[in-house]
Structure formats: C-alpha cells, structure tokens
Amino acid sequence: MPESDLVVIGGGIAGVTAALGAAESAYSVYIVEKNADIGGHGARLCCKATDACRQCGACVVADKLDQVRSNPHISILTNTEVEQVSGSAGDFHVSLLCRDINEKTFLDTAAVIVASGFEPFDARHKPQLGYRTSANVVTGLDLEEQIRLTGSVARPSDGRPPSRIAFIQCVGSRDAHIGNDYCSRVCCKYALRMAGLAQSLLPELDVAVFYMDIQIAGKGFHEFYQTCRETMRFVRSIPVSVRESDSEALEVQYEDSAKGRLVRETFDMVVLSVGMVPARDATDLATILGIDAGSCGFFANPEPTDTNRTAVEGIWLAGACQGPKDIEGSIAHARAAAMDAVSFLSSRRNILSEPLL
Amino acid sequence: MRREPRIVAFCCEHSGKLAAGDESSSAALPDNVGIISVPCSGSVQTIDILGAFRAGADGVAVFGCHEGSCKHVTGNKMVKKRVEYVARTLEEIGWNRERVAFFPVAAVESKVFRDRLAELSENVRDRIHGYEKCLGKQSESAP
Amino acid sequence: MNHYSKTVNSGVRLERISVNKRVLVVGGGMAGLETALKLTRLGYEVTLLETAESPGGSILSLSSLYGLSGESDLLVQSRIEAIKQNPAVRVLTGARLVGVTGTVGDFRVEIEQAGQTIENRCGAIVVATGLEFGEELPGTGSPEKTISHKELERRLVDLQQSETNRSRMPSNICLIVEDEGVDSAMFSASALKNALAIKRLSKSSVFVCCDNVNVAGSGLEELYREARSEGVVIFRLEDMRPQVRETRTGLAVTVKDSSAAAPGGWQGLIEIECDLLVLPERATVPADGVSLQHLLNVSCDSDGWFQENNVWAKPVESNRRGIFFAGGCRGNFDVEDILAEAKGAALEVHNLLRHGKRLVPVGRVAVDASKCAVCLTCLRSCPHDAIEILVDDKGHNKAARIIDIACEACGICVAQCPANAIQMLADQFRDQDVAVSV
C-alpha cells in the first residue's frame, strides 16, 4: 500500500499551495483531485491588469500549478475521489475511487489537508435575474472565461461589444431568503477589477455597479476603488429583475431610493456577481472524514481563533472549503494549514530528509 | 516567395513563458517564433536584443510581468527603458522602431501573448518585403 | 520546436551552508506571539522584541473582539503565558531594533534596551510590529463631546467592569466610520460591536454612520443583523462627508442617506443630535516603523505598510530572503488573518532554515573581480539585497560579490553592470539560443 506523509484532498489553489508548503520540507504528498485536471475555479480566471497589475492572483494560480506538476515530492491523482478515511493521526487509511477506470485504490498517510473548495452560486436559483433565459446575462465567472479565452468583452448573443454594462453584486450572498446569510467577500473585488478591465478594453463603455456595501478590504484596494468611483456609476440598490425586451435590450428594474419607487434602466449586457457556496458533496466529505460540516456547509472549526483546525487530530482545512476566500486569502490559509501539518509531521519523525533549495 | 518574419521573443519565466505554454499546448506557436526563456525580463540586456537582430531576427519581443507584479520588483521597469533605447537606436540607423517592443503579459494571458506576437509580425512583415523587393532578392535580413 | 530554456544546472554546485537557527521576531503583539509559539513547536529558538514594557500589542486596547466569541484579553494572555513558560523564547521588553547587517542565515542585529546595546545573531527575521492609532481627530466639537474610537474602547472596558458608570453614559451617541485608507473590516466591524455593546449595557440611543458596512469576515453579517435588531441605527455616508456643528445641548451631525429620502424632494438629509461623537482615527505603522523599513532595507506599499503590494510577495514575504512580515504591520488587522499569517511566516522560516543547514546553489551568478570597478551599480540594482562589497585588509573596496544564499538569480545585476563584470552561468547559452531560435 503506497505511503505518504500527507494527502491533500482537492487540487485547487489551496490544495496545491498546501502541497507545495509540505513538499518544501521534503515530505511526500499526494493530491487527490476529483476532476480531470487540477486547478479548480482559480484556474478559470483572467488577468485583470490594465495599466498595472490588480493583484487578482490569477497568474499565481498558473505559476503554482506549474510548480506542483514538476515537484518530485508531489504525486497528483486526478479523476479520483475519496471514499473512506479510517485510522487516526499519524496512521490514516484512505480509500480512493478512480472514476475513469472505476477502480478502487488505497493510500496510507500520516496527515490530511482538506482543500475541497467551493462552488459558484447557481444564478438559475434567481430566475428573475434572467440567467440562461437572456443570452446577455452572464455571471462573473462566465466573463472571466470569456476574457481569458478571447481577450475581449462581447455580448454572447451577437458577439458585439456592449456599450452599457451593469454589474449586479451580492447574487446569492447576503440573502437570507435563499439561506445564504453571509458575504462571499470576493465578488466586490472581482467585479470592480473586471469592470475596470472592461472599460480599458472598451473606452466608451458605460458601467453601472448595483451594490449593497462595497467590500474594499485588502492591501491597496481602496485606491483602486476611488478611481472606480470616478469612472463608474455606483447605485446602492440591488435590482429586483432583469428582463429582455423585444429589441434584445436588457431592462434592469430596481428601487431608486431618491425617487422612492421602482425604475427601469436599459443595458445591453448584465454581469451577475455570484457568490461562493459550499461544494455540493461537502457534507458527504465531512461525514467521511468525521469533521464538522458547519451550519451552511462550509467546514467548521472547533474554536474560532484557529481556522485550520478540525475536530479530528491530523486533519486540517485549507482554503474556501472553510469559508469564502479570494486567491490571496486561500493561499494564506493553505500555508497556515501546511504549517500545522509540517509541525505535526516533524514532531513524529526526527529524521530530516534532504532539504530542498 | 514571401517568407515569414523571424521573431525572437524573450520571455520571463513567470509570465511570458507560461503564457506561451508548453510544447504540447493546443494553441501551438507559429514556427517563425523562437522563445528564449529568462528568469526575469530585467535580465534581458540591450546587447541581447541587438544580438538577436544581428543573428537574423526581423523582430524582437520582450515579454515581462505587468507593472506592480514583477517578482523581482523592478525588473520589468528596467527592461522597458532598454527596449526604448533599442527602439531609438533602430530609428537612428534607419530601421523601424516597431521591430522591437516590450509587452506586459500575465501567465494566464495566452491569447494576449499570441495576439502581441501576431501584431509584431504584421508590423515587421511589410518592411522586410518592401526592402527585399527593392533589392530584388530574399533571405538576407533587412531593415 | 520553439523553446530554449535556460538551464542553470551545469557548473552550479550545491553547498550545504550552516545557518543560524535562532529567529528574531520583532514585535510582541498577537502576530509576534503566535509566530514565536509556532516556531518553538517546530524546534526553533526565538528572540522576541517588544518596545513596550510588556507584550500584548494593540489588541489589548480593544474591549472585545468582533465576530469571535473569545475575549481579546484571554486570546493574548494565554499566549503571553505560554511564551513566558517557554525556555526557547527569550523575551526582551522595552527593547527596539537599532541595527541590522548580514544576510539570511547570518543576520547580525543590534538591540537597544534600557540604554544598553545587545548584539544578537539570527538566521531569519519576522517583522510583526503591528499598528498604531493616531489620536488626531478631524474635528469640531469640544473634547468632552468628541472622542476617538480608541477612547470609546477604553470607556467600554470601564463600563463592562462597573455598573455605576452605566447610568452616566451619554443618551445619544453617534459613531462615524470612514473608508479612506482603510484596508480591513476592522473599523466598521469594531464600530458595530461597540454600538451593540453600548446598547446592551445602557439605555443610550446609538447611531453608526459609515460609507460601507464591511461584512467581509467571519460573523460580520450576523453582527450587522444583531446590531440592527437591537436598535442600533445605521446610516450610510454616500457622497457627502458628515457635517458636525455645535448646538446648545451638544452636537448635531448631518449625513445624507438616500434610502431615507422620500418623493417630493426630501433628499435624505438627516440631522442626528448627540451628546457624544466618536470619530475615526487613522491606523498607521508605529512611529519607529519608518526607520525599521530603512534598517531592514525592505519595501513598503504606497500607504506605508510593510510589504509591497505585489501578488508574488503575499502573504508574508518581503523582497529580501529571510525577512518576513506577519500581522497588522502589513496593513490588515483582522484577527483570523493575522493568526494565519503568523503560521505562514513560521512555515517560511522553517523551510528556509531547516534546522541549521541549507542547501544553497553556489555560483549561479558571479562577479569577475578583475573587471569590477566597485561602481556599486549592482548593489543598488539588486532587489533582494544579495550583493556585498569585499574589502581588503586596509579597508579599501576590492570588488562586488554575490551572496549566494540570498541570490534569486534574476539576472538584473548582470544586465545592469556597465563593465559586463557579472555573469550568470546560463549566459554562455544565450548566443547559441538566439542563433538556433532564429
């Protein structure tokens, strides 16, 4: 039975960061990824630099994926799911299912890091916003992929560039009605960066941002936010509906508080800033591992000051599976989880392997 | 027969090299482009760029990180100045300054990378054909 | 085939270099304490420097922590206790860093404590100097009626401890939080949790005026909901800065919140009468932070916080190998993030020092001393402070030398040297690369 020091469940940015953190100390790591390739959602993002880098982290994802693929201490198992975990810290037995060949396999490991990530909120659950019913209503992730693949912003219906674009924030977040009573943290930043990029690609573009509260935390972000306030229109109101009119224009209906009534505004493209929700198999994974699935499905910690720890010794959390995080936050959280794992592993084994460069 | 312009692209390993992709990348690079990967765009010297022209390149691109994301902080700023110096030098000797350019690119900007190379090739293509037609010959590198 | 990568392997040898296993942690607040504790668990010895007479840092000035059920006191006190009982940590209070020379693996530091200079050697440095709140208020209003958020925290501690003070709480309290220059959820979240605390301890009316309610952190959306459900009134500032004027009885704050607007022309201008106005103060790097930046020769961002605003550096790296940043000194003051950064810094140190022996590639970049005019161009160009000047017995400059253990092999010095005196081993491939690629 193959042995490793650490098994990382999930090969997204958090998983690969945690794996690299342990591999630097020369521990042997397996990354178990259920999809056909590692990278997760972070690998779908586009670069948002205009005249300068916007620190979105998309390039860091690419760089870390490159590093992890060539690291001799890290083995990557794709199309593989965790079926069962037994044993205890220092001696876990992990049963895996390789989905493409439908074969079971096993791994022995001393420690486990859970980096199973998140899912973007499915905007179809808010049908009044027109996702999938109107071609020119897209999500933030759709726009990221479009820009990454084509280098430009275009309306899906006719391929033409938009002239009036609306970004609608908090889609699926801060929404008690659908049970997501939390802020997804990443959407304000990604929307503003993309809006800024769109304006730089299309200088005549009219941008409106519909929001509740803009989340501007983060090194240097407030400066960028100030420049956005000068070039974009900010409306503190979340639209109630987006409807396609006969001429393929999109009518956004929202409450104008100054007028005290609902108004309609026309755009030719609408971007829904969807939030982060737990992965659909998160509760199953929690059961398999014996950890707390948390009240909303983001894995919980026994005490609030240590966001990596779980109820099971030897198992730590890294990244968005513990709660919404951007790339920078996921990397920081994953490095912290790697430290916990390395600390545990080094206390078990006093023999030091060859240090890497 | 018209030949394709020979382009040499110096690529920073954190940005350009990843954007170029590996050999198995589905969006293969055209054969007329040669990639030289460097640890930082700031390590590309003026003499390297001129050397590339002397060795037969028709156009030289330097790909580095966007402003503010150079892993070595100031590398991209330094090489931009050198590229500008080379461009002015080319002008002084009667060449087209658009034959050399610095392009900021991120590791994930595979499309942008290819677009910039195509733009550079276009800028250069007419020049070499014009000169060669004038000389009545081909195969020599031309202003 | 298009690709010609530089291989730096041939001619480069690996040497096992002894490095100092001791770590210097500058700053004894949450970040510094946590980093020190995690390092000792990994087997390192730590010197912890704190300028104040006792450790704890700015978290001690908070009456409570938002979003977490723990008491801020306990969080810090438990760590201070653990440090005191840990023989692997040497705590120097009333001490500051006054000199740093050397390089990763062999830093020589000078510490000033009670008028004496102490010399110390360490392999890595973690900067955890935190932040300071300026007491300057933008204000109008008399000092009895206008206080800072920090002062409010002090009064809340009093209020929590003594029942008698509660009846003397002003009846109408207005808190203002402004976005400018704020990089974390802390300010608006602190205002909300303080507003909620006031509501629970007294009968006062409480108003909070802010640009945006920052809810991007654990438990903050709940805090926002609880504050409102318990009667805290929250207004947004929108495009107008709050106007403050003195009245006969106290102060009047005018804000514009369009959600309070009504058809027929009322623009949503609201005047809040209050007896106590709480104004924001700016958070800044501590006063000796500026000189610390120059002492360490590290980059800061445009707001003056440690660490350049660069994706590659985050979370904890600096431009110099062996020097790391953790916590508030980076400009982010959210406790969860601070603790994660402390762990991250501990891991970086461990992967760097590896218990005293580090494998270093030697000779990737090398200076030909015979060509070196000691013009110092390379020294000034190196972003990683990895070049030193060799000096002869008489103290004359001889030549520049690359410090292999700190060198990142970026090649910038090679490109900058006017005499072509520096070679990167891969250089010999360059002409060949170019010819073949063309």
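Reminder, nothing fancy here: chain letters follow the sequence lines and each chain counts from 1.
- Heavy atoms of C/Asp257 lying under 4.5 Å from chain A belong exclusively to its side chain.
- When the candidates A/Ala336, A/Ser184, A/Cys188 are compared by the number of heavy-atom contacts under 4.5 Å with chain C, A/Ala336 comes out ahead.
- Between the NE2 atom in A/His333 and the CG atom in C/Asp337 there is a gap of 9.5 Å [rounded to 0.5 Å].
- From A/Arg335, atom CZ reaches atom CD of C/Glu348 across 4.0 Å, with rounding to the nearest 0.5 Å.
- Judged by distance alone, with hydrogens and angles left aside, the side-chain atoms of C/Glu341 form no donor-acceptor pair with the main-chain N or O of A/Ala332 at under 3.5 Å.
- Using a 4.5 Å cut-off between heavy atoms, C/Glu34 makes no contact with chain A at all.
- For the atom pair CG (A/Asp213) and CG (C/Leu220), the distance works out to 11.5 Å, reported to the nearest 0.5 Å.
- With values rounded to the nearest 0.5 angstrom, A/Asp340 atom CG is found 7.0 Å from C/Arg41 atom CZ.
- Put simply, the side chain of A/Gln55 gets close to the backbone of C/Asn309: a donor and an acceptor are under 3.5 Å apart.
- The pair C/Lys343-A/Asp306 meets the salt-bridge criterion, since a charged nitrogen lies less than 4.0 angstrom from a carboxylate oxygen.
- Separating the CZ atom in C/Arg236 from the CZ atom in A/Arg236 is a distance of 4.5 Å, to the nearest 0.5 Å.
- A/Cys56 and C/Val311 make their closest contact through N-CG1, 4.4 Å (heavy atoms, listed as atom of the first residue, atom of the second, distance).
- The parts of C/Gln307 that come within reach of chain A are both its backbone and its side chain, each placing non-hydrogen atoms under 4.5 angstrom from that chain.
- For the pair A/Gln215 (side chain) and C/Ala216 (backbone), a donor-acceptor distance under 3.5 Å is present.
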